[in-house]
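Chain naming here is simple, since letters A, B, ... match the order of the sequence lines and numbering starts at 1 in each.
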There are 2 protein chains.
Amino acid sequence: MVEECATTRLRPRDRIAGAARDLFHRHGIRGIGVDAIAEAAGTNKMTLYRHFGSKDDLIIQCLRDVALEAEHWWVELETDHPGDPLAQLHAWIAGCAECVFGDDRGCDLANAAVELAETDHPARRVIEEIKTKQRNRLANLCREAGIAQADLLADTLSLLLEGARVSRQSVGVEGPSAKFVRMCEAIIASFQNPKSAERRREAPAMAAN
Amino acid sequence: MVEECATTRLRPRDRIAGAARDLFHRHGIRGIGVDAIAEAAGTNKMTLYRHFGSKDDLIIQCLRDVALEAEHWWVELETDHPGDPLAQLHAWIAGCAECVFGDDRGCDLANAAVELAETDHPARRVIEEIKTKQRNRLANLCREAGIAQADLLADTLSLLLEGARVSRQSVGVEGPSAKFVRMCEAIIASFQNPKSAERRREAPAMAAN
DNA sequence: CTAGGGTGTGACCGGTCTGTATCTTCCGTG
DNA sequence: CACGGAAGATACAGACCGGTCACACCCTAG
């Protein structure tokens with residue numbers, strides 16, 4: 001399929017970006033070199049550097065492409081369940097489950113944040129920006145679905161997803177990730193129950209956390 | 001503080017292991033070289049290779065040391081709240097929160113799994129083994145605390161913790177991780193409520209997930 | 001005092017990495 | 001056909017990587 005990526009005559013820039021995304025995802029950012037990317041894209045390093053000024057630029061482009069794909073998925077959710085935010089939320093969970101179980105590498109954004117440890121790496125700003133946007137999007141969906149504590153639910157689901165994808169990398173699908181859907185559904189149900197909401201409000205003295 | 005690690009006259013092997021843990025943690029495994037580790041340990045590469053056959057061996061030793069430290073923390077929980085598993089569980093949450101908020105890099109085990117993408121890397125078996133052990137330990141604690149669906153609670157808390165630590169790396173402490181304690185406490189409360197347990201059981205048709 | 005094991009030192013090897021320079025080839029447009 | 005810009009090919013620079021070798025050193029045990 002790498003071959004296909006090279007033969008389907010896209011423009012070199014897109015072939016490079018595509019190959020880079022695939023290889024970064026599978027081998028990690030630091031685990032693959034620009035030369036291998038260029039070769040997988042059916043081109044060479046020189047052309048790569050003519051389109052992307054540096055490996056960092058290429059990394060950032062890939063992260064933005066990931067975000068774009070997620071963006072498309074969000075509109076897909078909406079067209080599949082028009083005017084039914086609750087159904088969209090359940091579809092969101094199902095889609096996330098597909099991500100978790102259908103792929104043994106986690107979220108490219110989170111992985112990049114782990115790999116690029118330098119706090120001033122240019123990709124970090126991009127990662128934060130995208131993740132924040134996605135978080136807000138999920139919170140909006142929860143709000144539209146009539147959840148009272150929408151932000152808290154969105155953040156809980158975010159952490160569960162993030163945790164499921166990283167746990168899947170450490171211990172595999174049989175680990176805690178296996179119950180991802182069940183957890184999410186249960187928590188949504190709990191948020192829809194007014195009694196539970198009350199408990200959530202009164203519970204912690206240190207509500208700041 | 002690196003200096004201190006070098007001057008406090010531990011044996012070279014321990015100094016190397018300590019420096020490696022610190023540098024791996026801060027810069028990532030692939031982000032630091034054996035030479036830098038040896039220098040930080042106040043010794044040299046040759047001595048490093050006399051004690052650890054390869055960088056991979058050193059990595060594995062560091063991961064085992066991380067596990068050992070966690071092990072100590074578990075017994076600490078028990079001695080701090082003897083015979084009170086529920087208090088231990090709450091203390092576990094508080095301790096995890098310290099980890100999440102007091103350190104801008106995530107879990108060394110999870111990070112290593114991200115960085116070492118090759119599926120046959122020797123460290124992967126170690127990571128899986130340790131993570132599984134910790135998962136079982138948490139499940140046992142939940143069981144001892146009288147939680148009905150102890151395994152499900154333990155897995156949920158595991159994912160929340162894993163997610164909080166990785167999310168903290170991507171979007172910082174102001175992100176979803178900020179509500180980590182509140183989420184955990186609310187979920188425990190929900191698991192202690194029999195009505196909620198009922199809901200969790202009946203909820204998903206695809207209970208396998 | 002001596003022997004030997006653990007340690008420090010620096011050079012070195014082969015490989016890989018990002019990034020660049022140079023030159024040729026190709027292809028679409030006018 | 002002629003031209004110009006995009007792309008391919010290749011070699012190279014400079015740095016860093018993991019890992020090894022040879023040798024000098026020191027400290028302790030006998």
Side-chain angles (χ1 to χ4, degrees), chain A residues 2-3 5-24 26-63 112 115-118 120-124, chain B residues 2-3 5-24 26-63 112 115-118 120-124:
Chain A
V2 170
E3 204 52 52
C5 173
T7 51
T8 55
R9 283 290 111 180
L10 293 167
R11 308 185 57 199
R13 188 180 207 281
D14 299 324
R15 295 193 332 251
I16 292 168
R21 263 194 67 184
D22 178 47
L23 292 174
F24 283 156
R26 290 194 344 235
H27 305 290
I29 290 174
R30 306 192 95 129
I32 205 78
V34 287
D35 234 332
I37 293 171
E39 194 190 336
T43 178
N44 54 22
K45 199 164 48 163
M46 201 55 239
T47 302
L48 186 151
Y49 274 101
R50 273 194 279 253
H51 286 285
F52 306 91
S54 67
K55 188 183 182 182
D56 282 350
D57 285 1
L58 180 55
I59 292 167
I60 288 173
Q61 185 58 56
C62 287
L63 297 179
E115 287 201 89
L116 309 174
E118 313 104 90
D120 59 343
H121 193 289
R124 295 202 139 263
Chain B
V2 170
E3 204 52 50
C5 173
T7 50
T8 55
R9 282 288 113 180
L10 293 167
R11 309 189 58 194
R13 187 179 208 281
D14 299 324
R15 287 179 355 233
I16 292 168
R21 267 194 63 183
D22 179 47
L23 293 174
F24 284 155
R26 288 188 352 227
H27 301 104
I29 289 174
R30 308 190 93 131
I32 204 77
V34 287
D35 235 333
I37 293 170
E39 193 190 338
T43 177
N44 53 23
K45 199 163 48 164
M46 201 55 240
T47 302
L48 187 153
Y49 275 101
R50 275 193 277 252
H51 285 285
F52 306 92
S54 68
K55 188 183 183 183
D56 282 349
D57 285 2
L58 179 56
I59 292 167
I60 289 174
Q61 184 60 54
C62 286
L63 296 179
E115 287 201 88
L116 308 174
E118 314 105 90
D120 60 344
H121 193 288
R124 294 202 140 264

- Apply side chain to side chain contact (heavy atoms under 4.5 Å, CB included) to the pair B/Ile59 and B/Phe52, showing each step before the final yes or no. CA-CA 9 Å; B/Ile59 292 167; B/Phe52 306 92; over 6 Å; no

- Under the salt bridge (Lys or Arg N to Asp or Glu O under 4.0 Å) test, residues paired with B/Arg124 that sit two or more places apart: none

- Query: Rounded to the Å, how far apart are A/Lys45 NZ and D/dA7 P?
  - Reply: 18 Å

- Side chains of A/Leu48 and A/Thr43: does their closest heavy-atom pair fall under 4.5 Å? no

- Message: Test of understanding: with side chain to side chain donor-acceptor pair (under 3.5 Å), list the residues that count as partners of A/Asn44, not counting sequence neighbours.
- Response: A/Thr47

- Here the distance between atom P of D/dC25 and atom CG of B/Asn44, to the nearest Å, is 15 Å

- Applied to residues 50-62 of chain A, the salt bridge (Lys or Arg N to Asp or Glu O under 4.0 Å) test, sequence neighbours excluded, yields none

- Query: Base, sugar-phosphate alone, or nothing: which one does A/Ile32 contact when heavy atoms must sit under 4.0 Å apart?
  - Reply: sugar-phosphate

- Query: Is B/Arg21 reaching over with its side chain to a backbone N or O of B/Cys62, donor-acceptor style, under 3.5 angstrom?
  - Reply: no

- Message: Using whole Å, what does the distance between atom C1' of nucleotide D/dG19 and atom CD1 of B/Ile16 come to?
- Response: 14 Å

- Query: Would you say the side chain of A/Arg13 lies within less than 4.5 Å of the side chain of A/Ile16, judging by non-hydrogen atoms?
  - Reply: no

- Query: Which residues satisfy the salt bridge (Lys or Arg N to Asp or Glu O under 4.0 Å) test with B/Arg30, sequence neighbours excluded?
  - Reply: B/Glu118

- Note on the structure: Sorted by number, residues from residues 46-56 of chain A placing a heavy atom under 4.0 Å from DNA chain C are A/Met46, A/Tyr49, A/Ser54, A/Lys55

- Considering just the side-chain nitrogens and oxygens of A/Thr43, establish if one lies under 4.0 Å of OP1 or OP2 belonging to D/dA7. no

- Message: Taking any atom closer than 4.0 angstrom to a non-hydrogen atom of chain B, what span of DNA chain C does the protein reach, first nucleotide to last?
- Response: C/dT7 to C/dT9

